[in-house]
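Quick notes on the structure that follows.
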Amino acid sequence: MPTAQPPGPSRTTRTADPSAPVRAPRPRRPDHYASAAAVREASSPVGTAVRRRPDTAAPSRTPSTPRTPPRYWLRLLPALLVLTVATRLPSFQRPVWNPDEGFLATQARMLAAGGTLYDNVVDRKPPLLPWLYRGAFAVFGDDSLWPLRTLAVLAVLATATFAAALARRRWGPRAGAVAGVLCVLGSVGLNPEDAQAATFEVFMLPFTAAAVWAADRRRWVVAGLAVAGALLVKQTGGAVLLPVLYLAWARTDPGPDGGRRRALLRVLAAFAAPLLAVALANDVSRTLFWTVTGSGSYATFTGSELHVLSRGLANTALFAAGAGGLLLPLAVVLRRGLPHRRVLTTDVWLWLGVSALGVLTGFHFFGHYYLQLVPPLAVLAAGALTLLTVDWLRLTAVVSAVLCTVFVAWGSHAGQADLDHARRVADAVRKETRAQDTVLIWGMHPETYWLADRMPASRYLTAGLLTNYSGGRDGPRVGEEYGMERSWPTLMAELVADPPRLIVDDSRGKPYRPARMPRLQRLLDSRYVLVGEVDGALFYTREPPR
């Protein structure tokens, strides 16, 4: 019978070979995509966490994540759609919410009548949104903005979806749903005139969120195209290029094959190509003037410091109140000193930072500028909640829902003094003119042209482009000398070549009133007759009253 061998040493009792080299324990690297469970597990004496490279460490490939089951999006997207429609119902209750919508609607009619962008149809904005309005009017008619309000619902939905996808990839399915919901709820936490209108920021945000989403997945061409799309809606949308370039640098190996440089070049090439194509299609010099170089006086607050500061403080406080549900978990995490660096990652903070610069640009502090802060805040809030207990998630949901309800109710019952004034003036303009007559409305409400269904007598749809009153400047830097370069000679040439049947002075004592504009006042005195007043607006006609 064979003799039994003594049992060998078990795994738990095996002694180390004294001749073997001693290996130092491998240091743990911070986890860029760590979930709350992974963070807790990493700090526990038992258990292990999946190791992944951070975006701040030596560049590496983006960590792979489990594929999301289709039912996740089949459940989340309808819920986000219903929530978005519910929060934007007030937007369908008015024909026009603010002058930006009126400006875009009037521009679209001018383009449909044969106008040329940046020639006889002008504004300080890129061309994508005027083209969108023009296309919607061509398909659905130009007497209502409901198609644009519907597109705005889809834009908010797209923004929330990209935010959800970004958060889900990093911190799991629940974080994705939280980011999407918070993005929708936070998008209405402003004055309804800013939050419910179908204007620039609403259509810019899907592109900015898509740019960060694509860069997070190393899709550099898509990211560059998305940045270009954001800039072609509004200039400040181009700021998202910075976090995209950061991700291209941090997520690519610098090896000898130049992978990092190729990633950066792909982003920049994809970003530049659409901009160059649009500039060539609209004349390069005119496009640069109207979107970049011609707005120097608009981007300074000299002479209106107190006015600008008061508006900035008021709108910042209003946004902070409306975004209370997004700011709450961030404040708790930062105050407690939790290991937030594992969750609240550099690229999203950078996205939030450049969005804040977009709010500051031009020193106007309009409420709708703050909308660009919502997507990065929603993503950061979702990440912060992964570090907190479920009670904080419930509290965040309750606070966000209550605040959203308050702002939606405000939108449903908000006063409409400016709209009522524009309607009364538009009705009077319609009665005093024929359909083929042109009109000059000297004021800051371009929606009057659209409501009256009359074509403007000039390419300048507001007095702001000619006087620098744009943005509510109320100081000494309002006048002919502060208007856009060559604007006054162009205006006077238009009014002489094709005199409007009616000129409406809708300044109502503002700093841009004709009495302070010598050339316009001389024209009124020499060629026009005052025939009446409607709600404070003075009506001048070339024909004597009958």
[atom1] of [X] to [atom2] of [Y]: how many Å apart, nearest 0.5 Å?
X: W351; Y: L247; atom1: CH2; atom2: CG; result: 10.5 Å
X: F319; Y: L190; atom1: CZ; atom2: CG; result: 6.5 Å
X: L242; Y: D347; atom1: CG; atom2: CG; result: 11.0 Å
X: T462; Y: F103; atom1: OG1; atom2: CZ; result: 5.5 Å

Test item: [X] and [Y] side chains (from C-beta on) under 4.5 Å apart, heavy atoms:
X: L330; Y: L377; result: yes
X: T396; Y: V178; result: no
X: L268; Y: L245; result: yes
X: I441; Y: P456; result: no
X: F289; Y: V122; result: no

Can any side-chain N or O of [X] pair as donor or acceptor with the backbone N or O of [Y] at less than 3.5 Å?
X: R168; Y: A177; value: no
X: N468; Y: V478; value: no
X: R286; Y: Y118; value: yes
X: S400; Y: A397; value: no
X: S91; Y: A197; value: no
X: R109; Y: W450; value: yes
X: Y72; Y: P173; value: yes
X: R88; Y: A195; value: yes
X: R311; Y: H364; value: yes
X: S487; Y: G483; value: no

Shortest non-hydrogen separation from [X] to [Y] and the atoms involved:
X: A239; Y: P243; answer: O-CD, 3.6 Å
X: A382; Y: A175; answer: CB-O, 3.4 Å
X: L373; Y: A356; answer: CD2-N, 3.5 Å
X: L326; Y: G186; answer: CD1-CA, 4.2 Å
X: G102; Y: V96; answer: N-CG1, 4.0 Å
X: L318; Y: W410; answer: CD1-CZ3, 4.1 Å

Requested in this report: Answer yes if the side chains of T345 and R170 hold a donor-acceptor pair under 3.5 Å, and no otherwise.
Outcome: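 There is such a pair between these side chains.
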Query raised in the report: Is there a donor in the side chain of Y369 and an acceptor in the side chain of T236, or the other way round, less than 3.5 Å apart?
Result: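 Looking only at side-chain atoms, T236 and Y369 do not form any donor-acceptor pair under 3.5 Å.
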Requested in this report: Show your reasoning for whether side chain to side chain contact (heavy atoms under 4.5 Å, CB included) applies to Q235 and T291.
Outcome: CA-CA 8 Å; Q235 292 92 328; T291 59; 3.9 Å; yes
Query raised in the report: Who passes ring pair (Phe, Tyr, Trp, His ring centres under 6.0 Å) against H368, sequence neighbours left out?
Result: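 Ring pair (Phe, Tyr, Trp, His ring centres under 6.0 Å) list for H368, sorted by chain: F366.
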Requested in this report: Apply side chain to side chain donor-acceptor pair (under 3.5 Å) to S507 and list each qualifying residue two or more places apart in sequence or on a separate chain.
Outcome: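 For S507, the residues satisfying side chain to side chain donor-acceptor pair (under 3.5 Å) (neighbours in sequence not counted) are D505.
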Report task. With sequence neighbours excluded, give me every side-chain hydrogen bond (donor to acceptor under 3.5 Å, both in side chains) pair touching residues 172-199. Result ->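 Listed once each, the pairs would be none.
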Query raised in the report: According to the side-chain hydrogen bond (donor to acceptor under 3.5 Å, both in side chains) rule, which pairs have a member within residues 145-157, sequence neighbours left out?
Result: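 Listed by first then second residue: E101-R149.
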Query raised in the report: Taking it one step at a time, do E447 and R423 satisfy side chain to side chain contact (heavy atoms under 4.5 Å, CB included)?
Result: CA-CA 9 Å; E447 63 267 27; R423 277 174 160 165; over 6 Å; no
Query raised in the report: Can you list the residues that meet the side chain to side chain contact (heavy atoms under 4.5 Å, CB included) rule with V278, with sequence neighbours excluded?
Result: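 Partners of V278 under the side chain to side chain contact (heavy atoms under 4.5 Å, CB included) test: P127, W131, L232, N282.
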Report task. Given side chain to side chain contact (heavy atoms under 4.5 Å, CB included), test V156 with T87 step by step and report yes or no. Result -> CA-CA 10 Å; V156 173; T87 57; 5.9 Å; no
Query raised in the report: Are K125 and D100 ion-paired here, with the side-chain N under 4.0 Å from a carboxylate O?
Result: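 Looking at D100 together with K125, the answer is no, because their closest N to O distance does not fall below 4.0 Å.
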**Report entry** Pair W349-L380, side chain to side chain contact (heavy atoms under 4.5 Å, CB included): steps then yes or no
**Finding:** CA-CA 8 Å; W349 280 111; L380 287 171; 3.9 Å; yes
Requested in this report: May I have all residue pairs that pass ring pair (Phe, Tyr, Trp, His ring centres under 6.0 Å) and include part of residues 193-237, sequence neighbours excluded?
Outcome: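 Found F162-W213.
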